[in-house]
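Worksheet: one structure, shown below.
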Amino acid sequence: MHDFFIPVIKSALRSTGIETNKQIIIEQPAEKKFGDFSTNIALLTAKECRRNPRELAQQIIEHLVFPPDTIAKIEVAGPGFINFHLTSFFIMRSLQQVLHEGDAYGKGSVGTGKRAIVEYVSANPTGPLTIGRGRGGVLGDCIANLIATQGYEVTREYYFNDAGRQMQILGESVRFRYLERCGKEKEFPETHYKGEYIKDIAENIYSEHGAALAEDSTVLTFKESAETIIFSSIKKTLERLGIRHDSFFNEHTLYTPDEAGITANQRVIEALRENGFIAEYDGATWFLTTKLGQEKDKVLVKSTGEPSYRLPDIGYHISKFERDFAMMVNVFGADHIDEYPDVIEALKILGYDTERIKIAINQFVTTTVDGQTLKMSTRKGNADLLDDLIDDVGADATRLFFIMRSKDSHLNFDVELAKKQSKENPVFYLQYAHARICSLLRMALQETGFDPESNTEYHLLQLLTSPAELQLGFALLDYPDRIKASVRLLEPQKMVEYLHSVAELFHRFYQECPIIKAEADICKARLFLALATRQVLRNGFRILGVSAPESM
RNA sequence: GUGCCCGUAGCUCAAUGGAUAGAGCAUCAGCCUUCUAAGCUGAGGGUUACUGGUUCGAGUCCAGUCGGGCGCACCA
């Protein structure tokens with residue numbers, strides 16, 4: 001609908017003789033009495049025109065030229081808002097678009113022909129996924145879905161490292177458990193992974209090799225077994241939530257020399273050095289971030305000769321630029337908040353267009369069961385596991401709960417609420433609306449023989465004029481703009497909120513307007529409206545990765 | 001100490017700088033001989049943590065104060 005208003009207003013401003021570079025904003029007033037849409041353009045430009053905003057608004061109105069039968073009323077209100085009331089004819093006629101476009105309804109085209117990458121989860125394979133990781137996983141997956149609606153070809157990538165210190169500790173942890181299994185008790189180090197899964201992996205190795213590896217002092221075998229087993233369990237957990245990555249980027253490739261015998265890491269160092277941002281001291285190689293106004297320099301290569309995580313991170317992002325992505329989204333938890341500014345700075349120094357990089361940070365999750373808060377730590381082995389949560393509440397509730405709050409807000413995951421099969425649970429409220437429509441369409445076919453899916457008498461929609469029908473129809477037309485807003489903010493929560501309002505408007509319509517019992521043409525029209533509602537719910541559910549049950 | 005996020009109804013949370021700050025839950029009062037009551041209608045409930053500032057207009061932007069979360073490694 002924005003696209004409907006903007007050109008008309010632009011042209012009216014021209015005819016009125018107003019020159020402005022201010023952006024024209026179309027908004028929906030909180031109250032219907034202020035119209036379906038309004039613009040504050042007269043308020044914004046009044047000052048530079050040195051005019052009274054209300055008079056200016058009146059003058060703009062006189063130059064507005066809309067297509068016939070679209071606008072019922074235009075008025076100046078308050079300090080100088082211009083409010084637009086749509087005709088019911090226009091709303092209902094526009095709804096035909098929902099039915100014509102079907103699954104494609106709501107899609108945009110700004111990303112057509114462009115490629116985007118969304119990096120998410122990216123947990124190193126040191127243990128099963130925790131609930132906290134789950135939030136980032138679902139958020140990333142929904143963001144990828146959102147971006148894809150705008151035409152981008154999206155790559156979903158998982159970045160991991162199987163060569164670092166944590167993986168070494170993992171291997172050692174397994175070896176300790178293995179030795180225990182072989183009857184060679186050793187004291188288990190405080191710093192190592194204590195989860196039950198470590199014992200399972202050790203048991204697995206024992207059943208394959210017996211005690212043959214007990215004298216082997218290297219951890220390689222243990223590490224590799226652990227990695228294989230854990231990675232496949234991580235993928236299995238993600239699969240349960242419908243999360244599938246297209247690409248797994250192993251950080252270790254950045255340590256591997258190319259034909260010229262140089263690693264990506266070395267190239268980063270040399271490139272930064274040419275720009276004067278590298279120095280060696282205290283036995284380490286430093287990124288001179290003090291030159292950028294920071295308090296301390298940052299280590300890129302440790303005195304042990306190993307790169308710190310920052311160096312490969314920079315190299316990894318360069319690989320994204322080399323793969324020519326127009327948009328790059330990084331999704332990670334609040335604990336990694338300090339990770340990206342240095343990377344961005346380095347990329348800027350090296351001349352990359354960092355505007356393409358978007359960061360989506362999700363705040364933490366606390367889980368409450370029976371009002372008790374759970375705390376987690378992978379290392380201590382008392383983590384709250386994502387798999388357990390999915391077992392408990394199901395994939396749909398898991399996904400929806402993770403994104404039904406703004407990513408900037410701490411999430412309180414109430415397990416009891418997620419399990420409830422009642423109206424308190426937002427998952428059921430949304431899905432019930434869909435199931436109810438399916439049931440209605442089945443019943444209608446049986447009672448009247450009319451199937452709105454195989455008919456195209458969409459013009460009948462114009463018979464509908466009641467407030468409940470118009471409000472629902474209006475909401476359905478808003479869907480494309482809602483997706484765009486959600487994409488812009490990288491915020492799936494906006495979609496949850498929107499779909500909730502659609503469900504609510506449908507329930508009211510259903511309550512107030514008899515459908516099957518109505519006169520034949522009205523009945524058909526209402527079934528078309530129900531069908532359009534179902535289409536929007538389905539399309540929205542697909543973005544969120546929530547199932548659309550046909551009956552409940 | 002410092003960087004980021006948060007502070008809005010009893011609870012969980014909304015509100016691209018707009019008009020009288022909204023939902024859900026909980027509480028109270030109604031609506032099923034009629035298409036799914038897993039639903040709908042209505043009522044009560046607020047100094048948007050505090051103090052200044054910018055603006056025609058601030059929950060929103062800026063500065064400061066107070067409170068909570070997460071970071072601040074030659075871990076990732």
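In what follows, chains carry the letters A, B, and so on, assigned in the order in which the sequence lines appear, proteins first and then strands, with residues in each chain numbered from 1. Everything numeric here is computed off the predicted structure, so don't read it as measured data. Hydrogens, waters and symmetry mates are skipped; everything else that's a heavy atom, side chains included, is used.
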### Message
Only pairs with both distances under 3.5 Å count, Watson-Crick or wobble alike; so what is the partner of B/G67 in this structure?
### Response
B/C6

### Query
Which of the following nucleotides, B/C4, B/C40, B/U12, is nearest to the side chain of A/R405?
B/U12

### Task
Describe the nucleic acid contact of A/N124 in one word from base, sugar-phosphate, nothing, applying a heavy-atom distance below 4.0 Å.
sugar-phosphate

### Query
Salt-bridged, A/E447 to A/K517, with N to O below 4.0 Å?
no

### Task
For A/D282, answer base if it contacts any base atom (sugar-phosphate contacts may also be present), sugar-phosphate if it contacts only those atoms, and nothing otherwise; contact means non-hydrogen atoms under 4.0 Å.
base

### Message
Can you tell me which nucleotide in B/G39, B/G18, B/A23 comes closest to the side chain of A/P79?
### Response
B/G18

### Task
Kindly point out which of B/C40, B/A76, B/C35 is positioned nearest to the side chain of A/Y429?
B/C40

### Query
Which part of the nucleic acid, if any, lies within contact of A/S409, taking any heavy atom under 4.0 Å across all strands shown: a base, the sugar-phosphate backbone alone, or nothing?
sugar-phosphate

### Inter-nucleotide P distance (B/U2, B/A21), Å rounded
37 Å

### Query
If we take the P atom in both B/A38 and B/G44, what is their distance in whole Å?
28 Å

### Task
Identify whether any heavy atom of A/Q294 sits under 4.0 Å from a base atom; if not, whether one sits that close to sugar-phosphate; answer base, sugar-phosphate or nothing.
nothing

### B/U41 phosphate, OP1 or OP2, under 4.0 Å from A/R508 side-chain N/O
yes

### Message
Can you tell me which nucleotide in B/A19, B/G69, B/A76 comes closest to the side chain of A/S38?
### Response
B/A19

### Task
Classify the nucleic acid contact of A/L417 as base, sugar-phosphate or nothing, counting any heavy atom under 4.0 Å across all strands shown.
nothing

### Task
Decide, for B/C32, between syn and anti: a glycosidic angle within 90° of 0 counts as syn, anything else as anti.
syn

### Query
Have A/Y309 and A/N161 got a donor and an acceptor in their side chains that come within less than 3.5 Å?
no

### Task
Assess the side chains of A/Q294 and A/D342: does a donor N or O sit below 3.5 Å from an acceptor N or O?
yes

### Message
Is the phosphate of B/C40 approached by A/Y432 (side-chain N or O, under 4.0 Å from OP1 or OP2)?
### Response
no

### Summary
Of the listed B/U36, B/A76, B/C13, the closest approach to the A/N412 side chain comes from B/C13

### Message
Can you confirm if the NZ or CZ of A/K32 lies within 45° of the ring axis of A/F474 and under 6.0 Å from the centre of its six-membered ring?
### Response
yes

### Message
Reading RNA chain B from 5' onward, which residue's closest nucleotide shows up sooner: A/L489 or A/D338?
### Response
A/L489

### Query
Base, sugar-phosphate alone, or nothing: which one does A/S303 contact when heavy atoms must sit under 4.0 Å apart?
base

### Task
For A/A433, report the nucleic acid contact type (base, sugar-phosphate, nothing); a contact means any heavy atom under 4.0 Å.
nothing

### Query
Rounding to the closest angstrom, what is the interatomic distance between B/C32 and B/C5 at atom C1'?
47 Å

### Query
Which is true for A/N83 with a 4.0 Å heavy-atom rule: it touches a base, it touches only sugar-phosphate, or it touches nothing?
base

### Task
Could you tell me whether the side-chain ring of A/F364 sits stacked on the base of B/G69, using a centroid cut-off under 5.5 Å and a plane angle under 30°?
no

### Task
Could you tell me whether A/K298 contacts a base, only the sugar-phosphate backbone, or nothing, with contacts defined as non-hydrogen atoms closer than 4.0 Å?
nothing

### Task
Scan A/D408 against the nucleic acid and name what it touches under 4.0 Å (heavy atoms): base, sugar-phosphate only, or nothing.
sugar-phosphate

### Query
With a non-hydrogen cut-off below 4.0 angstrom, is A/E504 in contact with a base, only sugar-phosphate, or nothing?
sugar-phosphate

### Message
I'd like the C1' distance from B/A19 over to B/G59, given in whole Å.
### Response
15 Å

### Query
A/S551 has a side chain; which of B/C13, B/G18, B/U36 sits nearest to it?
B/U36

### Task
Please state the C1' separation for the pair B/U55 and B/C61 - nearest whole angstrom.
10 Å

### Query
Within the side chain of A/H2, is there an N or O that forms a donor-acceptor pair under 3.5 Å with the backbone of A/I26?
yes

#### Entry: Integer angstrom distance from the C1' of B/A58 to that of B/C50
16 Å

### Task
Would you indicate what A/M552 reaches in the nucleic acid, counting non-hydrogen atoms under 4.0 angstrom: base, sugar-phosphate, or nothing?
base

### Query
Which is true for A/A30 with a 4.0 Å heavy-atom rule: it touches a base, it touches only sugar-phosphate, or it touches nothing?
nothing

### Query
Atom NE2 of A/H434 to atom C1' of B/A38: distance rounded to whole Å?
16 Å

### Message
Does this structure show an ion pair linking A/R538 with A/E550, if we count only N-O contacts that are shorter than 4.0 Å?
### Response
yes

### Query
Measuring from A/Q471:CD to A/L476:CG, what's the distance to the nearest 0.5 Å?
12.0 Å

### Selection from B/A76, B/G18, B/G39 that lies nearest to any side-chain heavy atom of A/L44
B/G18

### Message
Can you tell me the base-pairing partner of B/C56? Count Watson-Crick or G-U wobble geometry only, both distances below 3.5 Å, and say none if there is no partner.
### Response
B/G18

### Task
Please tell me which of the listed nucleotides, B/A23, B/C70, B/A76, lies nearest to the side chain of A/A334?
B/C70

### Message
Ignoring hydrogens and geometry beyond distance, is the side chain of A/D335 in donor-acceptor contact with the base of B/G71 at under 3.5 Å?
### Response
no

#### Entry: Residues A/E345, A/K298: salt bridge by 4.0 Å N-O rule
no

#### Entry: d(CD, A/Q363; C1', B/C5) in whole Å
4 Å

#### Entry: Separation between the C1' atoms of B/U8 and B/A49, rounded to whole Å
10 Å

### Ring centroids of A/F81 and B/A19 base under 5.5 Å with planes under 30°
yes

### Query
Looking across every strand, which nucleic acid part, if any, lies under 4.0 Å from A/C438 by heavy atom: base, sugar-phosphate, or nothing?
nothing

### Task
Can you figure out which of B/G39, B/U16, B/U20 approaches the side chain of A/K33 most closely?
B/U20

#### Entry: Nearest to side-chain heavy atoms of A/M443, which nucleotide of B/A76, B/U36, B/U16
B/U36

### Message
Would you measure the distance from the P atom in B/C28 across to the matching atom in B/U33 and give it in whole Å?
### Response
24 Å

### Message
Whether the side chain of A/T289 engages the backbone of A/E295 through a donor-acceptor N/O pair (distance < 3.5 Å, no angle test) should be reported.
### Response
no

